[in-house]
Amino acid sequence: MLSLIIRIGVWIAVLGALLLAARWLSGLEGQTVIEIAGYRIGGPTVLILGLFIALFAVVWLIIAALRGTLGSFSDFFGFLARRRHQRGLEAMSKSLIAVAEGDGRTALRHAENAARLLEDPTLPRLLSAQAAKLAGDNVRAERLFEEMLEADETRFLGLRGLLKQALEQDKTERALRFAERAHTARPKDPEVLGIMFDLQRDKGHWAAAKQTVASGVKARQLTKDVSDRRLAVLNLSDAIDQERAGKSSEALKSALEAVRLAPGLSPAAAVAARLLRASGEERKASRILINAWRQSPNPELAREFARLVADEKPMDRLVRFEKLFAAKPGDTETRLLQAELALEAEKYDLAREALGDLPETAPTARACAMMAAIEQGQANDETVVRAWLSKAAAAPRGGAGAWGAGGAGDEVWRRTCGRWGGEDPR
């Protein structure tokens, strides 16, 4: 550091001497003639002296370069560059601290100062945009994010910033456009994939959402079983829309694809069975419902299984449902359904046997109400009946009855279409 100061002082002294010489030359008048090796050089005195000084400076610079003393120039300017960079880093640090403290305006001031001092404006510009958002200046933040689109190295960051800003402002169409552009810029980014899928799902863009799932598998963000589940619920939603539009064949095709991808997805099996029944394929519908019950018993499956045969007597229905019971014996939903059908057929002993200890170990309103019906059907003490009804009123509701009013319906199934990072629907 000391040698650098000395070198700077020497250069200042040389510069001062040159300035004094120039001032002295400016006061000279007249003509000067110089003869060297037979050659005569003449002209105004000022001009001749100026040429000699310039020649001396050139010779001195050549000698200095050969001796290596010109390193002082590079040292000096290198010091200035390093100092500028250091100040830029300090400004970045202050901006980050201000962001952590929630002081958006201070953060923005330091970030802009860092962008001015640092050669690479990528991080300072991103920090400026974040600071502007923190300060509540969304217009400025958007302008900064848009500026980042101009350079290849910052385009993705700018698109992601604009995407999140659009989401915060509930501008979903705009958000989807930025998500698609960000996905093009960086196809494997997990956050963008998730946001894009959820937006496509919410807007009913089933085909585009399927492509996003494929991209997720390619980027190794989704395993095959999860991707199959996502594709299944997308095909299910597509089937519901096609059915409402009167396109039964297209709806059935999508529903069967959903069942193929996720045989245990109850909503898909129920919709597929409904469409198959409408087309006269009750046997195929029965197989699909039984297979789905085996994996995940659900009251809607039982409702669709009952609708396969019209005007069925309670005892005939109880016998036909033995195939469904056998698919998942001992399951709580199976036992409740068996008891419910036995009650309809007035087989109270069978209903009591099916319920077993469920009213005591898992006392739901449904189980307790059936126990009250059993006691009443067997003409037992009214006090016992009222006791079970009181328990039913206080017990948790539990699953809906298979034949009760207010079935789940398509809108409930539509809501089972899980989000990118959510739980798998059942």
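This chain uses plain numbering: 1 for the first residue, then up along the sequence. What you see is a predicted model, and the numbers here were worked out from it, not measured in a lab.
Counting heavy atoms of neighbouring residues, nucleotides and ligands inside a 6.0 Å radius, atom NZ of K218 does not exceed 12 of them. By the neighbour-count criterion of 12 heavy atoms within 6.0 Å, atom CD of E360 is densely surrounded, having more than that number from other residues, nucleotides or ligands. Residue-environment remark: CZ (R277) exceeds the threshold of 12 foreign heavy atoms within 6.0 Å. Residue D170 qualifies as open at atom CG: its count of foreign heavy atoms under 6.0 Å is 12 or below.
For the salt bridge (Lys or Arg N to Asp or Glu O under 4.0 Å) condition, no pair includes a residue of residues 378-395, sequence neighbours left out.
Between the side chains of W293 and T334, a donor-acceptor pair is found at a separation under 3.5 Å. Inspection of the E300 and S266 side chains reveals no N or O donor paired with an N or O acceptor under 3.5 Å. Between the side chains of K253 and N235, not a single donor N or O lies within less than 3.5 Å of an accepting N or O.
Take E257 and apply the side-chain hydrogen bond (donor to acceptor under 3.5 Å, both in side chains) test, not counting sequence neighbours, and it matches R260. Residues satisfying the side-chain hydrogen bond (donor to acceptor under 3.5 Å, both in side chains) test with E142, not counting sequence neighbours, are R174.
Using a 4.5 Å heavy-atom cutoff, the side chains of F156 and D189 are in contact. Residues F325 and D331 form no side-chain contact, since every pair of their non-hydrogen atoms from C-beta on lies 4.5 Å or further apart.
We find that R143 and E147 are joined by a salt bridge, their nearest charged nitrogen and carboxylate oxygen being less than 4.0 Å apart. A salt bridge is defined here as a Lys NZ or Arg NE, NH1 or NH2 lying under 4.0 Å from an Asp or Glu carboxylate O, and K347 with E353 fails to meet this definition.
With rounding to the nearest 0.5 Å, the separation of CG in L176 from NZ in K171 is 15.0 Å. To the nearest 0.5 Å, atom CG of residue L265 and atom CG of residue D228 are 11.5 Å apart.
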